[in-house]
Visitor: 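Dumping the structure here so I can ask a few things about it.
Predicted model, so just to flag it, every value in this text is computed and none were measured. Residue numbers count from 1 along this sequence.
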Amino acid sequence: MGKKPILDCYIRVSSTSQKEDGNSLVVQRHTAEKIAGVLGMEPRIRDEGAQSSTIGYRDVLGELEDDIRQGKVKHLWVENSNRMFRDGVENIQFRKMFLEPYKVMMYQGETPTVLDFSSLSTSERMMYDIWGMFQESENQQRSEKSQRGKSYRLRIDGVQKSKPVFLGGTPLFGYKNVDKLWKVDRDKSKWVKWMFSSYEKGMSTKEIKDHLDREGVPSPRTKSGLWNTTTLQLMLRNKSYTGLHTITEKKKIGIDELGKPIREATGTYTYKIPKIITTGQFNRVQRLLTKNHKNHSNNKKHFSLLEDILVCECGSHIGSHEKNTTSSLGYKVNTRKYYCVSKNYDWRDGKGRDCKNKM
């Protein structure tokens, strides 16, 4: 009896609350396994977890695209295309760049609908693209409806009634969502207090990161569970810990050339939530952060026009490097180049990176 073909199954939810609740991911996984059984295939789950389809780079989708290029994927299932794509344009790009040239069969839904792009007619391809646009429109309508509901709760309860309303997403480290209200998490908030106090006493963010990792304090963002210094600096800059939380409402007004949504601010609201640190301590830490950042910038020897503007496909920034020296053989060396800095910063979070950009 021959080996069963593999059915790669991409699953994702758009919020951490859905992931922790488990229902949506569990349902998607169960559906994927059932469909694989009906088709006589072996399911290979590609679990993106809680990740927005419109914000940031998605690691699992990137790995899936790499495996398609290498010929490791021939059958792909997804509950619906909006689990994978930001919009209809990205849907069409995926068809043209991955499904068609690498002869990948696409399966969608619980039935499922089977799409073999090697044999589809022009009109059938057009129908697939139109369906992707239709799903994009549905997503936009759901998003706008959800935004209107959040806006109402924010204005009525948060501002007028001074309630610490929680509007969804991932709670800020040190807090938790209880009945859609901000509440202090007793275990995590003590680490927030320790971070601010330690930095004020002269400990660096690298030293704070190392201590948190040794103590086994889980990071709120990284999959490895290890902290990184960028997350710590953002936390130390976050005024919400003083009990004043600010929300900026935005609406989608278009798509940029990279396919990412362009959003426009429609209003800013500040309301009270339970505080973890005092305003005085927060202000003292801000002065230290500004002073340390200024000293760090002054240590830079060379100016580069595009550094901190360019971004690598792996999500890391593009840095610059200049050599102006004499080799051991007596030759003058004067080179300038841009490069991905991912390998230089492994120490920040303890996670090895696998960036394929060698240019």
Side-chain angles (χ1 to χ4, degrees), residues 16-17 153-154 157-222 224-250 265 267-300 308 317 345 347-351:
T16 301
S17 60
R153 288 192 64 226
L154 183 58
D157 293 337
V159 178
Q160 294 184 16
K161 297 182 180 179
S162 297
K163 285 187 177 180
V165 295
F166 185 80
L167 299 178
T170 304
L172 184 63
F173 185 87
Y175 292 94
K176 57 185 176 180
N177 171 20
V178 179
D179 297 327
K180 296 185 178 180
L181 296 174
W182 288 83
K183 298 290 184 182
V184 173
D185 185 310
R186 183 177 299 178
D187 293 332
K188 293 180 180 178
S189 63
K190 69 180 182 182
W191 287 110
V192 174
K193 295 176 181 178
W194 178 85
M195 291 176 203
F196 276 87
S197 296
S198 297
Y199 193 83
E200 189 178 3
K201 292 175 182 176
M203 188 178 287
S204 69
T205 51
K206 176 62 169 59
E207 291 170 327
I208 292 174
K209 167 209 153 30
D210 290 341
H211 182 82
L212 293 172
D213 290 341
R214 284 195 300 269
E215 293 295 319
V217 181
S219 166
R221 296 269 180 201
T222 61
S224 65
L226 301 177
W227 288 80
N228 63 58
T229 55
T230 300
T231 297
L232 290 170
Q233 288 168 3
L234 290 173
M235 289 176 63
L236 292 171
R237 291 282 190 188
N238 199 322
K239 198 172 184 177
S240 296
Y241 288 120
T242 66
L244 288 177
H245 186 60
T246 300
I247 289 287
T248 300
E249 286 188 326
K250 296 181 179 180
T268 300
Y269 303 92
T270 299
Y271 60 100
K272 293 181 180 180
I273 64 174
K275 70 176 182 179
I276 294 179
I277 63 168
T278 66
T279 302
Q281 184 179 42
F282 178 81
N283 291 336
R284 291 193 296 272
V285 168
Q286 302 319 294
R287 288 193 289 270
L288 281 173
L289 285 166
T290 301
K291 177 183 176 182
N292 293 339
H293 178 73
K294 182 179 179 181
N295 290 339
H296 176 74
S297 299
N298 289 340
N299 290 332
K300 193 169 183 178
D308 296 328
H317 284 288
Y345 292 99
W347 61 267
R348 294 196 313 178
D349 53 16
K351 184 176 79 171

Visitor: Determine the minimum heavy-atom distance between V192 and G174, stating which atoms define it.
Guide: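 Shortest heavy-atom separation between V192 and G174 comes out as CG2-CA, 4.0 Å.
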Visitor: Are F173 and W227 an aromatic pair, judged by ring center distance below 6.0 Å?
Guide: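 Distance test on ring centres: under 6.0 Å, yes.
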Visitor: Taking all atoms of both residues into account, what is the closest heavy-atom pair of D213 and L226, and its distance?
Guide: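 Smallest heavy-atom distance, with atoms named: OD1-CA, 3.5 Å.
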Visitor: If you measure from CH2 on W191 to CD1 on I208, what distance do you get to the nearest 0.5 Å?
Guide: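 The distance works out to 11.0 Å.
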Visitor: Compare every heavy atom of D187 with every heavy atom of D185, then report the nearest pair and how far apart it is.
Guide: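 Heavy-atom minimum between the residues: OD1-N, 3.1 Å.
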Visitor: Identify, with sequence neighbours excluded, every residue that meets side-chain contact (heavy atoms from CB on, under 4.5 Å) alongside K239.
Guide: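 Only T242, F282 meet the side-chain contact (heavy atoms from CB on, under 4.5 Å) criterion with K239.
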Visitor: Going through the distances and angles, do D210 and R214 end up as a salt bridge (Lys or Arg N to Asp or Glu O under 4.0 Å)?
Guide: CA-CA 6 Å; D210 290 341; R214 284 195 300 269; 5.0 Å; no
Visitor: Identify the heavy atoms of S240 and I273 that sit nearest to each other, and give their distance.
Guide: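 Of all heavy-atom pairs spanning S240 and I273, the closest is O-CD1, 3.6 Å.
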Visitor: I'd like to check L212 versus L232 (side-chain heavy atoms, cut-off strictly below 4.5 Å). Are they in contact?
Guide: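 Touching, per the 4.5 Å side-chain cut-off.
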Visitor: For K190, what residues pass the side-chain contact (heavy atoms from CB on, under 4.5 Å) criterion, not counting sequence neighbours?
Guide: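 K190: no side-chain contact (heavy atoms from CB on, under 4.5 Å) contacts found.
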Visitor: So which atom in N228 and which in T231 form the shortest heavy-atom distance, rounded to 0.1 Å?
Guide: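 N228 and T231 have their closest heavy atoms at OD1-N, 2.8 Å.
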Visitor: Quick one: are Q281 and S197 in side-chain contact, heavy atoms under 4.5 Å?
Guide: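 In contact.
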Visitor: Should V217 and W194 count as side-chain neighbours, where that means a heavy-atom distance under 4.5 Å?
Guide: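 No, every pair of side-chain atoms sits at 4.5 Å or beyond.
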Visitor: Is the ring pair Y241/Y175 parallel, tilted or perpendicular, if the boundaries are 30 and 60 degrees?
Guide: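 The arrangement is parallel - the two ring planes meet at less than 30°.
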Visitor: Report the distance from atom OG of S189 to atom NZ of K183, rounding to the nearest 0.5 Å.
Guide: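 One gets 13.5 Å once the value is rounded to the nearest 0.5 Å.
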Visitor: Please name the pair of heavy atoms, one in V285 and one in E200, separated by the smallest distance, quoted to 0.1 Å.
Guide: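 Nearest heavy atoms, V285 then E200: CG2-CB, 4.3 Å.
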Visitor: So, the side chain of W182 versus the backbone of V165: is there a donor-acceptor pair under 3.5 Å, distance only?
Guide: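 Checking the backbone N and O of V165 against the side chain of W182, a donor-acceptor pair under 3.5 Å is found.
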Visitor: For the pair Q233 and Y199, evaluate side-chain contact (heavy atoms from CB on, under 4.5 Å) and give the outcome as yes or no after the intermediate values.
Guide: CA-CA 10 Å; Q233 288 168 3; Y199 193 83; over 6 Å; no
Visitor: Can you tell me how far apart NZ (K272) and CG (L244) are? Round to the nearest 0.5 Å.
Guide: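 Reported value, rounded in 0.5 Å steps: 7.5 Å.
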Visitor: Give, for atom CG of L289 and atom CG of L236, the distance between the pair rounded to the nearest 0.5 Å.
Guide: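 Rounded to the nearest 0.5 Å, the CG-CG separation comes to 5.5 Å.
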Visitor: Starting at NZ of K209, measure out to CE of M195 and round the result to the nearest 0.5 Å.
Guide: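 Rounded to the nearest 0.5 Å, the NZ-CE separation comes out at 12.0 Å.
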Visitor: Apply side-chain contact (heavy atoms from CB on, under 4.5 Å) to the pair T290 and R237, showing each step before the final yes or no.
Guide: CA-CA 10 Å; T290 301; R237 291 282 190 188; 3.6 Å; yes
Visitor: Once rounded to the nearest 0.5 Å, what's the spacing between atom OG1 of T205 and atom CE of M235?
Guide: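 Taking OG1 in T205 and CE in M235, the distance rounds to 12.5 Å.
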Visitor: Output, in order, the C-alpha distance, side-chain angles, deciding distance and verdict of side-chain contact (heavy atoms from CB on, under 4.5 Å) for N283 and T279.
Guide: CA-CA 6 Å; N283 291 336; T279 302; 3.7 Å; yes
